[in-house]
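To start, the structure under review is shown below, and the notes come after it.
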Number of protein chains: 2
Amino acid sequence: MSSATKALTLLSYFSTSRPEIGLSQMCRIAGRDKATTYRHLQALETAGFVEQIPATKQYRLGPALLQLAQVREATVPRKDGAKAALAALADATGETAHATLLSGNVLYGLCDCESPHHSTRAVIDMNVFPLHATASGLCSLAFGPEELLRTAVTNLEAFTENTATTEAELETLVEDVRLTGFGRGDKSFATETQGLAVPVFDHTGHFAGAVAVASVASRFTAELECSIKSELIIAAREITRNWGGTIPDAIEALWTASLNNPTEMESTS
Amino acid sequence: MSSATKALTLLSYFSTSRPEIGLSQMCRIAGRDKATTYRHLQALETAGFVEQIPATKQYRLGPALLQLAQVREATVPRKDGAKAALAALADATGETAHATLLSGNVLYGLCDCESPHHSTRAVIDMNVFPLHATASGLCSLAFGPEELLRTAVTNLEAFTENTATTEAELETLVEDVRLTGFGRGDKSFATETQGLAVPVFDHTGHFAGAVAVASVASRFTAELECSIKSELIIAAREITRNWGGTIPDAIEALWTASLNNPTEMESTS
DNA sequence: TACTGCGGTTCGCATATTGAACCGTCGTTG
DNA sequence: CAACGACGGTTCAATATGCGAACCGCAGTA
């Protein structure tokens, strides 16, 4: 791991739920030496990727990110194209909706949207989505590039007791996604959440990412699932259109079949 | 310069006008070795800060930036607070408006807004604003931390023949800003543009950045200048309020005086 | 006063980083 | 078509660079 990579990974520890991190705290989180961490934070600071709050000496994400994100959006304005569809999806289902973006072998969270409909809701606070344990990740494995599966099996971390931890388990899950057209995360990432995802495609015609709904497991019923699936399809079409792609006919057919005989499809898993 | 810093600086070469950069091109721009640049780009890629377009092998900014910028915005939503005011400013003046943010010793562009009023207009395409050559930069030197001037004089690059290139020249310019409350960039950064800027303040009560209007030199008249100044003051008050700060009374007084006897003030420069 | 945890610094060692040189491939051109 | 140059990517010896244990001063506190 290059030292540049090490420095950059520090950034991923910032999140909306933990926006400010002190030096010692960062050392503990990253599991690295204080001097090293300090130098890395300094490097990040000179580049404007973090800034130090003078009062508390804590670090937080810096303004240079706004710059670069702006350039990225101006060049590849995918986030804009997803926002409206996600809002509609969250509103229609009453659950948290989010979109993910595959870049290389990594699935990044792009944008998420909570619904105010319930007081309890799933909160998306991730930068990178594990491929083997989330509905979006399984979608990527099912419809993304084939080599993705090879990288996924190298890290089958068990997030819950439902996480697939063997290559065989994972392959059955992926096969199920290929049959139904829906990625399912049945408490496989967090014990309280139930995820459903569908793939989206970009102008190259390839798999580009996924759009998903994370529901609270305790209120997840067959009716809700059916409703979420319908809305997911609408959102996937919308986002795919915005990104200049089209849903492959094969997948549209899967969705139709899957919605018409849900029980038969579920029995295949 | 740490290798992390070196890798991070590569990111700053991306801009809306140059969103995709190949390996060799990046080497030339950065003036560094090919192998080194390649490794740096790889590190950036694994961190999601750049991604490689499979078709052309060129690199462009990656999706991880969107993540982090989102967190930054959620934590310190300054851009949102400036957007509306900038739009109003651009609309009222018919010129390009922008806001800058001081972090450490560097003045970053935060957000800009072009007015559709004229067919020719100033285009803001900078990540970092030179302190000695822009209206916003002079504002920072005049009202920001004192040590800023020391770092500014270490790089007095001449962008045009009007750029201040000696410490003495720069100090007269800064002194003028301190007397009038307005930063002026009289074709000091580009030969065709005329900038006017005022400082904005954040919740700490310190100088936080500047809001500015960049006009096309050929249509810059005394009337336009007066109009821009009035609108700038309105925008500065608005943005400062949004950032939780207040305009120091001393600066409000400068503006009032400067607007009442513009000729007398100009004679001091 | 002694103790703890904090941000920040020092310094010798060893490892990760460096860049000249090299490779295979592509599109161009005489 | 073969020679050419530009490109992305790789190798390897040399050494610059990053590393971390130990240390410093400070602030809170018991």
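Per chain, numbering begins at 1; letters A, B, ... match sequence-line order.
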Looking at [X], I'd like to know whether one of its side-chain N or O atoms comes within less than 4.0 Å of OP1 or OP2 on [N].
| X | N | result |
| --- | --- | --- |
| A/Y59 | C/dC6 | no |
| A/S2 | C/dA16 | no |
| A/S3 | D/dC19 | no |

Close residues, residues 32-50 of chain B, relative to DNA chain D [heavy-atom separation under 4.0 Å]: B/K34, B/A35, B/Y38

Holding to side-chain hydrogen bond (donor to acceptor under 3.5 Å, both in side chains), I want the full list of residues that pass it with B/Y38, two or more places apart in sequence or in another chain.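 Partners of B/Y38 under the side-chain hydrogen bond (donor to acceptor under 3.5 Å, both in side chains) test: B/Q42.
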
Are B/F189 and B/H132 near enough that their ring centres are under 6.0 Å apart?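 No, they do not, as the ring centres are separated by 6.0 Å or more.
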
In whole angstrom, what separates [X]'s [atom1] from [N]'s [atom2]?
| X | N | atom1 | atom2 | value |
| --- | --- | --- | --- | --- |
| B/K57 | C/dT25 | NZ | P | 12 Å |
| A/R28 | C/dT4 | CZ | C1' | 13 Å |
| A/K6 | C/dA16 | NZ | P | 7 Å |
| B/Q58 | D/dA6 | CD | P | 17 Å |

Among residues at least two apart in sequence or on other chains, which ones pass ring-ring contact (aromatic ring centres under 6.0 Å, His included) with B/H40?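 Residues passing ring-ring contact (aromatic ring centres under 6.0 Å, His included) with B/H40: none at all.
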
Which pairs, with at least one residue in residues 19-48 of chain A and sequence neighbours excluded, count as a salt bridge (Lys or Arg N to Asp or Glu O under 4.0 Å)?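 As it turns out, there is no salt bridge (Lys or Arg N to Asp or Glu O under 4.0 Å) pair with a partner in residues 19-48 of chain A once direct neighbours are skipped.
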
Exercise answer: donor-acceptor pairs, residues 135-146 of chain B side-chain atoms, under 3.5 Å, sequence neighbours excluded:
residue: B/S140; atom: OG; partner: B/S136; partner atom: O; Å: 3.0

Apply side-chain contact (heavy atoms from CB on, under 4.5 Å) to A/V106 and list each qualifying residue two or more places apart in sequence or on a separate chain. A/Y108, A/V128

Just call it for B/Q52: base, sugar-phosphate, or nothing, with non-hydrogen atoms closer than 4.0 Å on any strand. sugar-phosphate

Specify the residue among A/S24 and A/A4 whose closest nucleotide of DNA chain C lies further upstream toward the 5′ end.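 Looking at DNA chain C, the more 5' nearest nucleotide goes with A/S24.
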
